[in-house]
Amino acid sequence: MAGPSSEDIQRAALALGAFAIGYGLAALRIGHGAPDFYVFWTAAQHWQSPYDPAPIAALEAQLHLKGVWPFAYPPTFLLLVRPFALLPLAIAYPLWTGLSAALFIQAGARVVKPAWAAAVLALSPVVFFSAELGQTSLIVGAAMLAGWRWREARPALAGVLFGLAACIKPQAMILAPLILWGRWRMLGWMAGAGVALVLASCLAFGFERWVEWRGALTAFDALVPGAGRANPSALLAGPWWAAAVAAFGVCFALASRNLVGLVGGAFCLTPYAHAYDLAPLTPLAAAWLFDPKQFGWARAAAGGALLAGIVATPAAVLAFLVALGLIGVRWRGWLTRPALIPAAQP
């Protein structure tokens, strides 16, 4: 049997380095940041009432943090974060950050060529701040990238990975049925994985958590208008604008039928999103940037803007997505080029 290739070694080294850096930086920031992970950790510790804001407010007061940080993730997410809640915060946060960074960089290094160039992802504000906050975007992004890569060779595995991503952040996967239409085996495994995780969450935490989650979403929706958001629907107030942006998102996804369409389209449909929710697209952006002759200078410029953190406001995100749509019209066939992750071989 052939040994590991040089690219395999590079990917492993990058993942190990990402874990070490992520763990070390998070350990230094204990008590000074990562409000998102603090919310996850506290909710999982109080899994009998994860949507009660009182324990989270108590931790914020203890750490002298300001702001309102409600927990609005589905009960299936508790299955992932509960093991971390069994550890002290000083260990749980660095471990979460290190693992998230390692998984994402490992998945991204299979998209960017050469593999070592994936190191640029760690310098992108979109990726860095997602890790720093303890967000879920890197884990969800790793699952999406790996799932899309295995869509042909391992549709069952790909479906499970997409189902896992949906059970962590449902709004990020809202257009998956549209994107995957016709890939029935993959969709079937995605649905099966989702049902299994829902049942597991009911057995572990009780069916009541799902009833409580619905109320938590209602309370969270009331906070959305006053929150800083990056999704294009936040650019103007009014249901007509939100409907227009949502229609654009659906059309964008239908025209793309790939990861760009999945992430970008969902970004238009959800009422609440931040720049770090675009993290799954950064490996594609890096691939465009490092090979402009193959993928075009316009796409390379768009990728550079995302990596540089310029795509961080509602107007910038809308311009970014419109630009990608226009590029797709100008250069037919770009949606199936290798930058959008070629299928893995069995």
Side-chain angles (χ1 to χ4, degrees), residues 2-25 97-132 135 137-151 161 258-260 262-264 275-312 320 323-324 327-328 331 333-345:
S5 65
S6 61
E7 287 201 340
D8 290 332
I9 295 173
Q10 290 175 28
R11 295 185 192 108
L14 284 171
L16 184 60
F19 176 85
I21 294 172
Y23 189 100
L25 291 177
T97 303
L99 288 173
S100 299
L103 289 171
F104 184 76
I105 294 298
Q106 171 70 13
R110 294 188 175 276
V111 179
V112 185
K113 303 295 181 184
W116 59 262
V120 74
L121 299 177
L123 302 177
S124 172
V126 174
V127 176
F128 181 83
F129 286 117
S130 180
E132 181 187 41
Q135 248 293 328
S137 301
L138 299 188
I139 291 179
V140 170
M144 293 168 72
L145 289 162
W148 188 261
R149 181 172 178 270
W150 288 105
R151 68 193 183 279
L161 289 169
N258 54 35
L259 276 185
V260 174
L262 178 62
V263 177
Y276 51 64
D277 289 309
L278 292 173
L281 294 185
T282 54
L284 305 181
W288 302 338
L289 185 63
F290 277 94
D291 196 355
K293 290 185 178 179
Q294 181 179 0
F295 303 113
W297 288 100
R299 197 167 302 110
L306 177 60
L307 290 170
I310 297 174
V311 186
F320 174 73
L324 288 182
I327 292 169
W331 285 280
W334 74 276
L335 298 170
T336 56
R337 287 186 175 183
L340 295 182
I341 311 178
Q345 297 300 314

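FYI, side chains are in, hydrogens and waters are out, and symmetry mates aren't considered; it's all heavy atoms of this structure.
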Chemist: For M144, which of L161, I139, L281, V263 qualifies under side-chain contact (heavy atoms from CB on, under 4.5 Å)?
Modeler: V263

Chemist: Are any of the side-chain nitrogens in E7 or K113 under 4.0 Å away from the carboxylate oxygens of its partner?
Modeler: yes

Chemist: Rounded to the nearest 0.5 Å, how far apart are CD of E132 and OH of Y276?
Modeler: 12.0 Å

Chemist: Looking only at non-hydrogen atoms, find the nearest pair between R11 and A115 and report the distance.
Modeler: CG-CB, 4.1 Å

Chemist: Which distance, rounded to the nearest 0.5 Å, do you find between the CG of L145 and the CD of Q106?
Modeler: 11.5 Å

Chemist: In Å, rounded to the nearest 0.5 Å, how long is the span from CZ of F128 to OG1 of T282?
Modeler: 14.5 Å

Chemist: What distance do F104 atom CZ and S137 atom OG have between them, rounded to the nearest 0.5 Å?
Modeler: 9.0 Å

Chemist: Please step through side chain to side chain contact (heavy atoms under 4.5 Å, CB included) for the pair V126 and L307, ending with a clear verdict.
Modeler: CA-CA 7 Å; V126 174; L307 290 170; over 6 Å; no

Chemist: Only one of T97, V127, L121, I105 clears side-chain contact (heavy atoms from CB on, under 4.5 Å) with L138; which?
Modeler: V127

Chemist: Can you check whether W148's main-chain N or O pairs, donor with acceptor, with R151's side chain at less than 3.5 Å?
Modeler: yes

Chemist: Can you tell me how far the CH2 atom of W116 sits from the CG atom of L14, to the nearest 0.5 Å?
Modeler: 10.5 Å

Chemist: Nearest 0.5 Å please: distance from the CH2 atom of W288 over to the CD1 atom of I327.
Modeler: 7.5 Å

Chemist: What's the shortest heavy-atom distance between P292 and F290, and which atoms?
Modeler: CD-C, 3.5 Å

Chemist: Specify the closest pair of heavy atoms between L289 and A300, including all atoms of both residues, with the distance to one decimal.
Modeler: CD1-O, 3.6 Å

Chemist: Search all heavy atoms of N258 against all heavy atoms of V260 and return the closest pair with its distance.
Modeler: OD1-N, 2.9 Å

